[in-house]
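Notes follow once the structure below has been shown.
Residue numbers start from 1 in every chain, and the chains themselves are labelled A, B, ... in the order their sequence lines are given, proteins ahead of strands. The analysis underlying the following values was restricted to heavy atoms, covering all of them including side chains, and did not include hydrogens, waters or symmetry mates.
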Amino acid sequence: MLTPPAAAHALLFASGGPLPKKQLAKLLEIKESEVKLVLKALTDSLKNSGVVVVETDTEVELRTASEASVIVKKLRESELARDLGKASLETLAVIAYGTGTTRGEVDWVRGVNSSTSLRTLLIRGLIEGKEDPADKRRIRYSLTTEALAHLGITHIRELPRAEELSGAAKAIIEAESAAAAAAEVAE
Amino acid sequence: MLTPPAAAHALLFASGGPLPKKQLAKLLEIKESEVKLVLKALTDSLKNSGVVVVETDTEVELRTASEASVIVKKLRESELARDLGKASLETLAVIAYGTGTTRGEVDWVRGVNSSTSLRTLLIRGLIEGKEDPADKRRIRYSLTTEALAHLGITHIRELPRAEELSGAAKAIIEAESAAAAAAEVAE
Amino acid sequence: MPFNIKTDSYEGPFEVLLDLIEARKLLVNDLALANITEDYIQHVRAQTAFPVEETANFIQIAATLLLIKSKSLIPDLAFSEEENADVEDLKRRLAAYEKVREAARELSRVYGRTVMAAEGERAPEVVFAPSRDLSAAALAEALTRVLAAREAVEELPEARVKPLVTIEEMMDQLAKRVQSAMALSFNEFSKETKERIEVIVSFLALLELVKQGAVAAEQHEVYGDIRISHTASTSVPYYG
């Protein structure tokens, strides 16, 4: 009989791509809240194994470890990443560090129209857009496991200077929403 | 730095199928006689992990463990039984109304990455890919005869508003490839 | 002395602003923004190849900068609530953009360096498995939806672009008016232009002229007209 982390490992391996955490919970017959623990145990058991668990809020995928990138490149030359332009990188940073997650927010912080960059990131599979549950007309963007894999990290908390930069961004966004709310009241 | 078994793990994971042991030795820069030891160590480290190392005399491959067969079967069944959903239906529609659409073209029309949807459609036998005779690296997708039969048509001409919708999709692809070519020249 | 900054590859106005502020080793605050206003405007004027929409962005920021600048020249100047909100918004956006730019630099250091490869693709075991939601009608609907979504995206930017005057046009216009009429009230001057942004631009272009000694302005009451008259100088210096 397999332990839940081992069963999760087999499922992730068999799926060959990102698996929604919801689906994983269903297949393992565990609660969604328990998925976190199972993935933590799997992550620990795969430590230094050459393969890692890459996670977003909603999906999880197995990938080769970043330390293996050189040797894997020898096997699969196509693994060379195409460079991202400055605008796309900036847009990716806004979304990664949580400075903004809608098109309007990205435009607000960059001071320019970001639709071309968003499209590039969407087509490359680095971000995905999901309907905001609170407002279905609004699309919120988030990083995919593909983006994390290109950044060589398994979770957004491993982003360079994650706490400092996303903390600062959040404070500014909060000030902005407070100002926007005040403006609305004033009207 | 990765240990040789971890590097072997990453390579086997990335190769997606049986890897000749000779090639593995070469990639790891070890002697062929040492491959055995490395694979033994990898086998041990993957014990009860849900994934196993399967070896023949000349080749080696990663597979899900036999204990996982029930749960992996559940995964396959859930993949096949589910509704296609918005993303896969859109991808299938772009392919159906196009003639020999490539992955890049589907991405252009939809404005998002379609790899996951394409994979789903392939597994479910709804589309098939064929090499472009003009460019062998390029795969062109079309509906399978089973899919046409399921739709109750014998030719894509019989799809609703075939001419209008095909024309619109084609126009987008042409505009996008012109834009992509222009962008390349500009760089 | 104007600070020279590279003008080749700017994505947007904030990038220009931050470079100007950093070149002067200043922090993002009113003083710094007032300080770089001229260089910023010069930069915008030097650009001839912005897409229309980006020009609108650049000029809108210029208007807010000139507002801040005017406050530094005339401390008594009272901002309206809306103007105040514009100034605060600009400062917040700049602060956020400063962090984003740092974050983007961090990402550029790691992006693509050590790509974690996906599992190798295996030839899929194909089982013909259509679904309940698959029908010819559903396909037509799906493609229609995709096409409609594209149109919506393509139409958006155009709708947001409103024709705006360039700073240069405003300044030229102002200079000519000052030359032709020895005395002219600001209210009179701004009457011709309905768009608020144009009023700001014209007002602040005026302030620039004041500073350069071209005209002397007196504001008799806080909210009264600003009277403009020629000073001793024989010609109006051309801005820039």
Inset, instruction - Check step by step if side-chain contact (heavy atoms from CB on, under 4.5 Å) holds for A:Phe13 and C:Glu119. - result: CA-CA 8 Å; A:Phe13 182 83; C:Glu119 192 174 334; 3.6 Å; yes
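- The contact between A:Leu126 and chain C is made entirely by side chain atoms (from C-beta outward), counting heavy-atom distances below 4.5 Å.
- Counting heavy-atom pairs closer than 4.5 Å to chain C, the top residue among A:Thr64, A:Leu159, A:Thr99 is A:Thr64.
- Using a 4.5 Å heavy-atom cutoff, the side chains of A:Val112 and C:Phe14 are not in contact.
- Shown here for C:Met116 and A:Leu148, the closest heavy-atom pair between the two residues is SD-O, 4.1 Å.
- Neither the backbone nor the side chain of A:Glu67 comes within contact range of chain C, judged by heavy atoms closer than 4.5 Å.
- The part of A:Val54 that comes within reach of chain C is its side chain, from C-beta onward, which places non-hydrogen atoms under 4.5 angstrom from that chain.
- Shown here for C:Ala103 and A:Leu165, the closest heavy-atom pair between the two residues is CA-CD1, 3.8 Å.
- With a 4.5 angstrom heavy-atom cutoff, C:Ala96 touches chain A via backbone and side-chain atoms both.
- The contact between C:Arg122 and chain A is made entirely by side chain atoms (from C-beta outward), counting heavy-atom distances below 4.5 Å.
- One side chain, A:Glu90 or C:Tyr97, offers a donor N or O that lies under 3.5 Å from an acceptor on the other.
- Each of A:Glu146, A:Lys73, A:Arg76, A:His150 was checked for a side chain to side chain contact (heavy atoms under 4.5 Å, CB included) with C:Val115, and the lone residue meeting it is A:His150.
- Of the listed residues (A:Thr154, A:Leu84, A:Val109), the greatest number of heavy-atom pairs within a distance under 4.5 Å of chain C belongs to A:Val109.
- Taking every heavy atom of both residues into account, C:Leu107 and A:Ala93 meet most closely at CD1-CA, 3.6 Å.
- Salt-bridge check for C:Lys99 with A:Glu164: failed, with every basic side-chain N at 4.0 Å or more from each acidic carboxylate O.
- Considering only heavy-atom pairs separated by less than 4.5 Å from chain C, the leading option among A:Thr145, A:Ile153, A:Leu12 is A:Ile153.
- Using a cut-off of 4.0 Å between Lys/Arg side-chain N and Asp/Glu carboxylate O, A:Lys86 and C:Glu15 are scored as salt-bridged.
- Closest non-hydrogen pair, A:Gly111 versus C:Pro13, comes out as O-CD, 3.4 Å.
- When heavy atoms are compared at a cutoff of 4.5 Å, A:Ala65 approaches chain C solely by way of its backbone atoms N, CA, C and O.
- By number of non-hydrogen pairs under 4.5 angstrom with chain C, the leading residue of A:Leu75, A:Thr91, A:Leu151 is A:Leu151.
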Inset, instruction - Could you walk me through whether A:Tyr97 and C:Glu102 pass side-chain contact (heavy atoms from CB on, under 4.5 Å), step by step? - result: CA-CA 11 Å; A:Tyr97 287 87; C:Glu102 255 180 85; over 6 Å; no
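- Most heavy-atom pairs under 4.5 Å with chain A, from the set C:Glu98, C:Arg109, C:Glu106: that is C:Glu106.
- For residues 17-51 of chain A, a heavy-atom distance under 4.5 Å to chain C picks out no residue at all.
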